[in-house]
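Order of the sequence lines sets the chain letters (A, B, ...), proteins ahead of strands, with each chain counted from 1. For clarity, every value in this text was computed on a predicted model and none was experimentally measured.
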Amino acid sequence: AQSVSQHNHHVILSEAASLELGCNYSYGGTVNLFWYVQYPGQHLQLLLKYFSGDPLVKGIKGFEAEFIKSKFSFNLRKPSVQWSDTAEYFCAVNSMNTGFQKLVFGTGTRLLVSP
Amino acid sequence: EAGVTQFPSHSVIEKGQTVTLRCDPISGHDNLYWYRRVMGKEIKFLLHFVKESKQDESGMPNNRFLAERTGGTYSTLKVQPAELEDSGVYFCASSQGTAGNEKLFFGSGTQLSVL
């Protein structure tokens with residue numbers, strides 16, 4: 001079955017540490033890739049997305065992600081995290097195989113940043 | 001601009017009862033989606049409306065779930081009769097376009113607990 005894997009379920013970092021959250025997907029062909037974030041008590045919101053062009057995508061709040069087609073990966077990075085980055089992060093994909101209107105999500109990564 | 005709103009935010013019911021969840025999308029968004037997250041697992045697609053028409057309901061678990069979007073505005077998701085495994089967070093999302101790479105705007109979700 002088509003799937004999205006997020007390898008880290010829980011990550012704990014100190015402020016100013018660098019962050020990388022892994023995401024791998026199992027589709028071939030054309031894909032659109034997304035990272036969504038859910039801050040405590042808030043709704044899911046889009047961090048960044050890739051659908052074509054430069055594989056290094058920059059999003060809000062200093063986040064970036066790199067699409068590596070050969071590795072079927074779309075890892076999320078931030079050079080220096082802040083306490084306010086504490087949240088749950090979801091990688092998501094859609095493709096011609098899934099139907100472009102249907103997002104397939106990973107299981108999420110809970111990030112805790114200690115001050 | 002008002003976001004996607006969902007009601008209720010929490011619902012606790014007994015097995016065998018009926019529950020109806022409501023979603024009000026952003027005004028002007030023709031696309032409306034329902035997703036569900038069972039505790040600890042991935043967020044899963046349930047169905048997609050374009051205006052009042054069901055475009056894709058391949059993710060609906062079984063015939064105990066009924067979604068409607070009369071008039072192409074708000075949507076309801078009814079579970080009748082509810083079972084224990086229906087517990088989870090039900091998210092609604094809306095979007096303007098149908099290209100597949102557009103941003104989804106999510107509601108805060110309805111936490112459903114079936115006892």
What part of A/Y50 lies closer than 4.5 angstrom to a heavy atom of chain B: side chain, backbone, both or neither? neither
What part of B/Q55 gets closer than 4.5 Å to chain A, counting heavy atoms only: side chain, backbone, both or neither? neither
Exercise: identify the closest heavy-atom pair between B/Q6 and B/S108: OE1-N, 3.8 Å
If I compare all heavy atoms of A/K71 with all of A/N24, which pair ends up nearest, and what's the gap? O-ND2, 3.1 Å
With a 4.5 angstrom heavy-atom cut-off, is it the side chain or the backbone of B/K41 that approaches chain A, or both, or neither? backbone
What part of B/L104 is in contact with chain A, defined as an atom under 4.5 angstrom from a non-hydrogen atom: side chain, backbone, both or neither? both
With only heavy atoms counted, which part of A/Q6 is less than 4.5 Å from chain B, the side chain, the backbone, both or neither? neither
Between B/S58 and A/K102, do the side chains contain an N or O donor and an N or O acceptor separated by less than 3.5 Å? yes
Looking only at the side chains, is there a donor atom on one of A/S73 and A/N75 sitting less than 3.5 Å from an acceptor on the other? no
Closest non-hydrogen atom pair, A/S26 against A/S3: OG-N, 2.7 Å
